[in-house]
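The structure under discussion is supplied below as structure tokens; questions concerning it will follow.
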Amino acid sequence: MSTAAHTEPQKYLDPALTFQLLDRVPQPEGVITATYVWIGGSGQDLRSKSRTLHGKPASAADLPEWNYDGSSTGQAPGHNSEVILKPQAIFKDPFRLGENILVMCDTYDPQGNPIPTNTRAPANVVFEKTKDEKSWFGIEQEYTIFSVDKHPFGWPKGGFPGPQGPYYCGVGADRCFGRDITDAFYRYALYAGIKVSGDNAEVMPGQWEFQVGPCEGISAGDHMWMARYILLRLSELYRVVISFDPKPIEGDWNGAGCHTNVSTEAMRNEGGIKVIEAAMQKLAAKHAEHIEVYGQGNERRLTGKHETAHIGQFRYGVADRGASIRIPSQTAKDGKGYFEDRRPASNMDPYVVTAKIIDTICL
Ligand code: ADP
Ligand code: MN
Ligand code: MN
Ligand code: MN
């Protein structure tokens, strides 16, 4: 063994061994594990912890509330540190299998008020008020893989790969980096019950996308946050870092967005294009307000280059990937369908973005 191996502190165990050990000893009958997942103090990180339950819950309302130490997640002062977890959506656990579950939760102070990072609660108010609109969302999550030493995955040491061109939807070892993780993610997320609708390699090498949807109302946020959770858990096994930074590499490299495709029932019905056009006017009037909540660091991404519209301007157009909002040509052709808000950054909060759009166009 090289001496370098001894100077590095041990950081990883062997996931293959773990799976072997778990295969040998079955989980006892009558108990399940529920992993409670919630948004952490940055508003972008996820936290989770597990508990044993006796019997399988029929719904999220059936699950017990729980709590955690908010002073350790930047979410509560030390002298009053308890944050209450309320279960909101259940998914199957693709890591522990069997009847085990993942539970998307939101967070409250002991008096029962949503804490500031609980963006689900106010979003849910918007969706309750607009239930009859039957709003659907399809969210395209772009992300970038880095090795643990913060080097873009698949990039040569101390230099740059060839310019963008061969990588988008690319195939082959010289242009496609990290497909293993997106393949594993796709299966794991589908198993969990997340409505993954597709995936593709992105324009910048080492960058990927998956799409979730269409999901109705508040469930779009639940599905997207849990999808991110599964991706992050897989990144532990693959020993890579997943970045949701909107512009992970400065220069002539595409940024990472979270295009949000939207329709209401009226937009999907005959004559829906008129409803979409009315929505464009409302969105144009509130461009700055939307940009405000569409993700941190988005000004580094929305430059007007690399398939984006400049952050300071609102523009929509049919089939226009340089617009703020694109109306797919199929929608224009059919006279009904959906629109794509291309402004949200990779690190956006899907509860905030989906609710903001519906608030603007329906309330
Ligand atoms: P792009 O061409 O921009 O890369 P994608 O295929 O990546 O588009 O993503 C499109 C997303 O739009 C998918 O998640 C899909 O489920 C979603 N979608 C399709 N129809 C609708 C609709 N009527 N309302 C909302 N979302 C929709
Ligand atoms: Mn896409
Ligand atoms: Mn994309
Ligand atoms: Mn898109």
Side-chain angles (χ1 to χ4, degrees), residues 39 43-44 60 86 88-89 104 106 114 116-141 194-195 197 211-228 257-296 298 302 309 314-316 323-328 331 334-363:
I39 298 171
Q44 291 178 33
K86 286 195 188 176
Q88 299 292 358
M104 194 65 213
D106 67 354
T117 48
N118 180 352
T119 50
R120 190 186 192 280
N124 201 37
V125 171
V126 171
F127 288 118
E128 284 297 324
K129 276 194 216 162
T130 55
K131 236 192 177 100
D132 297 342
E133 300 281 351
K134 297 193 167 45
S135 51
W136 292 0
F137 303 95
I139 304 177
E140 306 168 48
Q141 176 71 67
I194 289 165
K195 277 188 150 191
S197 52
Q211 305 101 31
V212 169
C215 292
E216 190 164 326
I218 196 72
S219 75
D222 292 336
H223 280 234
M224 182 48 75
W225 275 116
M226 195 55 88
R228 288 176 179 174
C258 219
H259 298 168
T260 302
N261 299 272
V262 185
S263 64
T264 60
E265 191 173 43
M267 294 174 187
R268 296 188 294 272
N269 286 345
E270 283 315 310
I273 194 76
K274 291 227 152 48
V275 186
I276 292 175
E277 267 155 19
M280 293 306 111
Q281 304 313 317
K282 292 179 182 172
L283 286 161
K286 293 202 166 169
H287 176 64
E289 260 184 48
H290 279 249
I291 288 294
E292 194 66 31
V293 298
Y294 274 14
Q296 279 174 31
N298 211 8
L302 296 181
F314 179 89
R315 207 152 61 78
Y316 75 95
S324 322
I325 294 190
R326 175 176 68 102
I327 296 176
T331 295
D334 296 345
K336 61 181 179 183
Y338 65 98
F339 67 86
E340 176 196 39
D341 192 339
R342 300 175 59 81
R343 296 170 294 173
S346 175
N347 60 6
M348 62 85 143
D349 179 339
Y351 292 133
V352 172
V353 168
T354 56
K356 182 72 183 166
I357 293 169
I358 291 307
D359 190 18
T360 296
I361 68 184
C362 299
L363 290 177

Are E128 and K131 packed together at the side-chain level, in the sense that at least one heavy-atom pair is separated by less than 4.5 angstrom? yes
In the structure I gave you, are the side-chain heavy atoms of N269 and V275 within less than 4.5 Å of one another anywhere? no
Within-4.5 Å side-chain heavy-atom neighbours: T130 and T264: no
State, yes or no, whether a side-chain contact exists between H259 and R326 at a heavy-atom distance under 4.5 Å. no
Rounded to the nearest 0.5 Å, what separation is found between the CG atom of N261 and the CD1 atom of I357? 9.5 Å
Specify the closest pair of heavy atoms between A345 and N298, including all atoms of both residues, with the distance to one decimal. CB-OD1, 3.4 Å
For the pair T260 (side chain) and I139 (backbone), establish whether a donor and an acceptor sit closer than 3.5 Å, ignoring hydrogens and angles. no
Using the side chain to side chain donor-acceptor pair (under 3.5 Å) criterion, which residues pair with T119? Sequence neighbours excluded. D349
Please lay out, stage by stage, how K129 and D359 fare under the test salt bridge (charged side-chain N to carboxylate O under 4.0 Å, His left out). CA-CA 9 Å; K129 276 194 216 162; D359 190 18; over 6 Å; no
What is the minimum heavy-atom distance between S197 and G213, and which atoms define it? CB-O, 3.3 Å
Nearest non-hydrogen partners of F339 and M267, listed with the distance: CE2-CE, 3.9 Å
Hey, what do you get for OG1 (T360) to NZ (K286), rounding to the nearest 0.5 Å? 5.0 Å
Report the C-alpha separation of D341 and K356 in whole Å, then their side-chain angles, then the decisive distance to 0.1 Å, and conclude whether the side chain to side chain contact (heavy atoms under 4.5 Å, CB included) test is met. CA-CA 12 Å; D341 192 339; K356 182 72 183 166; over 6 Å; no
Nearest 0.5 angstrom please: S219 OG to M226 CE, how far? 13.0 Å
Return yes if some donor-acceptor pair links the side-chain N/O of N118 with the main-chain N/O of R120 below 3.5 Å, else return no. yes
Going by heavy atoms in the side chains, are I325 and R343 under 4.5 Å from each other? yes
Quick one: are Y316 and L283 in side-chain contact, heavy atoms under 4.5 Å? no
Between atom CD of E265 and atom CD of E133, what is the distance when rounded to the nearest 0.5 Å? 9.0 Å
Should we say atom CD of Q296 is surrounded by more than 12 heavy atoms from elsewhere, each under 6.0 Å from it? no
Check the angle between the aromatic planes of Y294 and H290 and answer parallel, tilted or perpendicular using the 30° and 60° thresholds. perpendicular
Donor-acceptor pair, K195 side chain versus P214 backbone, under 3.5 Å? yes
E289 vs V293 side-chain heavy atoms within contact, under 4.5 Å: no
Does the plane of the ring in F127 sit parallel, tilted or perpendicular to the ring in F137? Use 30° and 60° as the thresholds. perpendicular
Testing Q141, M348, Q211 for side chain to side chain contact (heavy atoms under 4.5 Å, CB included) with M224, which one passes? Q141
Side-chain heavy-atom pair D106, Y351 within 4.5 angstrom cut-off: no
Look at the side chain of E340 and the backbone N and O of V262, then say whether any donor-acceptor pair between them is shorter than 3.5 Å. no
If every non-hydrogen atom of I361 is compared with every non-hydrogen atom of A279, which pair is closest and at what distance? CG2-CB, 3.7 Å
When rounded to the nearest 0.5 angstrom, what distance separates CZ in R342 from OG in S324? 9.5 Å
Over 12 foreign heavy atoms within 6.0 Å of NZ, K282: yes
At their closest point, which heavy atom of G272 faces which heavy atom of K336, and how far apart are they? N-CB, 4.0 Å
I'd like to know whether CD of E292 has more than 12 heavy-atom contacts from other residues, nucleotides or ligands below 6.0 angstrom. no
Assess the residue pair L302 and I291 against the criterion (side chain to side chain contact (heavy atoms under 4.5 Å, CB included)); give the C-alpha distance rounded to whole Å, side-chain angles, the decisive distance to 0.1 Å, and a yes or no. CA-CA 10 Å; L302 296 181; I291 288 294; 3.9 Å; yes
Tightest non-hydrogen contact, residues A89 and A60, listed as N-CB, 3.9 Å
What distance separates S135 OG from D132 CG, expressed to the nearest 0.5 Å? 10.5 Å
